Amino acid sequence: MGLSMAVAEWWVERWERQQRRYAIDREERFTVIGDVVEYVTLGQRRPLVVDLGCGPGSLAARLAERLPRAEVVGVDMDPLLLELARTHHASAARYVDAEIGADGWTDALALGRPLDAAVSTTALHYLPEPVLRRTYVQLAALLRPGGALVNGDHLPQSGVVAGALAAHVGRRRAERLRDGDHEDWESWWAAVEAEPELAEPLAERRRRLSVPAGEEGGGADNGLSVSDHAALLRAAGFGHVVPVWQFGDSCVLVAIR
């Protein structure tokens, strides 16, 4: 059974609401990422942008709307979220089924030219440190000089005191923004289980990710601070690394090649 546009739209909208529960000022963070991409691609006739861990196309769609001349490539390993992206945000990007950091993943992108920007949101903090280190090196090699990696993610502050304070401020901000009817991660996936049109990609997701039914985990956080990420990026060959926006643990970290 194929996925209809109406069903894809319904589940993507519910995904958006559910994600706002976890990403503080999510829409502002998307806007800041767009600001940076716009800045680093100024003068490029057809900017090439890769969205790492694109999920159902939330960031890719916003970038495509803001930068209509850009070529956006979304990459993810979750077959269900990719199916939603390919159906609901089909025109926003070319979507690639690949695991970031795995052998051959950059070849699967089939880019053909240097990247102007790589973006990501709430995806890279799941990568174990050795995989993340290798991925940063690979991204530095893909980007043109002056290109940028723009990562909007949960990146805690270094140190127990600073980390606890920033996390507390972020939690309070999130509490103030919630309107009381946002789904959480677990309830979204539980509801997906009852959707006939998503049965096939859900079964493939569970097979591929070894996820038992009813236990749709989001992966383990690598625990790296914003300072840790900055150090890894500099070691990978990025000349300038700067956090351009942060509220609590929600951060947009930019690394210029």
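Excluded from the calculations below are hydrogen atoms, water molecules and symmetry mates; all remaining heavy atoms, backbone and side chain alike, are included. Keep in mind the model is a prediction, meaning the values are calculated, not measured.
- Taking 4.0 Å as the cut-off between side-chain N and carboxylate O, Asp97 and Arg208 count as a salt-bridged pair.
- In this structure, the side chains of Arg205 and Glu200 stay at 4.5 Å or more apart for every pair of heavy atoms.
- Expressed to the nearest 0.5 Å, how far OG1 of Thr87 lies from CG of Leu3 amounts to 4.0 Å.
- Minimum interatomic distance between Ala118 and Leu143 (heavy atoms only, all atoms of both residues): N-CD2, 4.0 Å.
- Hydrophobic cluster membership differs between Val37 and Leu48, with clusters built from Ile, Leu, Val, Met, Phe, Trp and Tyr side chains linked at under 4.5 angstrom.
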Before giving the answer on side chain to side chain contact (heavy atoms under 4.5 Å, CB included), spell out for Val75 and Asp51 the whole-Å C-alpha distance, their side-chain angles and the decisive distance to 0.1 Å.
CA-CA 6 Å; Val75 56; Asp51 181 4; over 6 Å; no
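- Hydrophobic clustering keeps Trp105 apart from Val137 (ILVMFWY residues linked when any side-chain heavy atoms are closer than 4.5 Å, directly or through intermediates).
- Taking the charged nitrogens against the carboxylate oxygens, Arg20 and Glu27 have no contact shorter than 4.0 Å, which rules out a salt bridge.
- Surrounding CH2 of Trp10 are at most 12 heavy atoms belonging to other residues, nucleotides or ligands under 6.0 Å away.
- Of all heavy-atom pairs between Val12 and Pro56, the closest is CG2-CB, 4.2 Å.
- Contact check for Leu233 versus Leu253: side-chain heavy atoms found under the 4.5 Å cut-off.
- Under 3.5 Å, the side chains of Tyr136 and His229 contain a donor-acceptor pair of N or O atoms.
- Ring centers of Trp15 and Trp11: at least 6.0 Å apart, outside the cut-off.
- Side chain of Thr41 to main chain of Gln44: no donor-acceptor pair is present (N/O by atom type, distance under 3.5 Å, no hydrogens or angles).
- In the model, Asp153 has a side-chain atom that pairs as donor or acceptor with a side-chain atom of His125 under 3.5 Å.
- Of all non-hydrogen atoms in Ile33 and Ser120, the two that sit nearest each other are CD1-O, 4.1 Å.
- Nearest heavy-atom pair across Pro201 and Pro79 is O-CG, 3.9 Å.
- The backbone N or O of Ser58 sits less than 3.5 Å from a side-chain atom of Arg62, completing a donor-acceptor pair.
- In the displayed structure, Arg172 atom CZ is contacted under 6.0 Å by at most 12 heavy atoms of other residues, nucleotides or ligands.
- With respect to Arg66 and Asp35, a salt bridge is recorded, a charged nitrogen being found less than 4.0 Å from a carboxylate O.
- Within the 4.5 Å cutoff, no side-chain heavy atoms of Phe30 are placed close to those of Leu63.
- Side chains of Thr121 and Arg29 form a contact here, defined as non-hydrogen atoms less than 4.5 Å apart.
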The test is side chain to side chain contact (heavy atoms under 4.5 Å, CB included); show your working for Leu142 and Leu111 and say whether it passes.
CA-CA 9 Å; Leu142 291 175; Leu111 298 177; 4.3 Å; yes
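- With 3.5 Å as the limit, one finds no donor-acceptor pair spanning the side chains of Gln157 and Ser225.
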Take Leu115 and Val49 through the test side chain to side chain contact (heavy atoms under 4.5 Å, CB included) and record every step on the way to the result.
CA-CA 6 Å; Leu115 279 175; Val49 183; 5.9 Å; no
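- Put simply, the side chain of Asp221 gets close to the backbone of Gly223: a donor and an acceptor are under 3.5 Å apart.
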List the steps and the verdict of side chain to side chain contact (heavy atoms under 4.5 Å, CB included) for Leu52 and Leu139.
CA-CA 10 Å; Leu52 305 162; Leu139 289 170; 3.7 Å; yes
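- One distance of note links CG of Leu127 with CZ of Arg134; it measures 9.5 Å at 0.5 Å rounding.
- To the nearest 0.5 Å, atoms OG1 (Thr31) and CZ (Arg26) are separated by 11.0 Å.
- Proximity of a side-chain donor or acceptor of Arg46 to a complementary backbone N or O of Arg69 within less than 3.5 Å is detected.
- Salt bridge Arg207/Glu204: present, at least one basic N to carboxylate O contact under 4.0 Å.
- Checked by atom type and distance alone, the side chain of Arg86 pairs as donor or acceptor with a backbone atom of Tyr95 at under 3.5 Å.
- Linking Ile, Leu, Val, Met, Phe, Trp and Tyr residues whenever their side-chain heavy atoms come within less than 4.5 Å places Leu67 and Val150 in a single cluster.
- Contact record, Arg94 with Ala110: NH2-O, 3.5 Å, taken as the closest heavy-atom pair.
- The CG atom of Asp249 lies 8.0 Å from the CG atom of Leu155; values are rounded to the nearest 0.5 Å.
- The distance from atom CZ of Phe238 to atom CG of Leu232, rounded to the nearest 0.5 Å, is 11.0 Å.
- The residue from Arg17, Gln18, Arg14 that alone fulfils the side-chain hydrogen bond (donor to acceptor under 3.5 Å, both in side chains) condition with Glu183 is Arg14.
- Listed here is the closest heavy atom pair of Ala85 and Gly55: CB-O, 3.6 Å.
- For Asp76 (side chain) and Cys54 (main-chain N/O), a donor-acceptor pair under 3.5 Å exists by modelled atom type.
- With hydrogens and angles ignored, the 3.5 Å screen pairs a side-chain donor or acceptor of Asp78 with a backbone N or O of Leu81.
- Using a distance-only test at 3.5 Å, with no hydrogens or angles considered, no donor-acceptor pair links the side chain of Arg21 to the main chain of Asp184.
- Inter-residue side-chain proximity for Pro128 and Asn222 is flagged as unmet; no heavy-atom pair is nearer than 4.5 Å.
- Follow the hydrophobic side-chain contacts under 4.5 Å out from Trp245 and you reach Val36 in the same cluster.
- Interatomic distance, CG of Asp116 versus CZ of Arg257, reported as 13.0 Å (0.5 Å rounding).
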Determine, step by step, whether Glu193 and Arg206 satisfy the salt bridge (Lys or Arg N to Asp or Glu O under 4.0 Å) criterion, reporting the C-alpha distance in whole Å, the side-chain angles of both residues, the deciding distance to 0.1 Å, and the verdict.
CA-CA 11 Å; Glu193 202 164 353; Arg206 288 172 171 167; 3.5 Å; yes
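- Shown here is Arg113, whose CZ atom has more than 12 heavy atoms of other residues, nucleotides or ligands within 6.0 Å.
- Using a 4.5 Å heavy-atom threshold, the side chains of Ile100 and Met77 count as separate.
- No single ILVMFWY cluster, assembled from side-chain heavy atoms under 4.5 Å apart, contains both Leu149 and Val40.
- Side-chain contact between Asn151 and Val252 is absent, with no heavy-atom pair separated by less than 4.5 Å.
- Using a 4.5 Å cut-off on side-chain heavy atoms (C-beta onward), Thr135 and Gln138 make contact.
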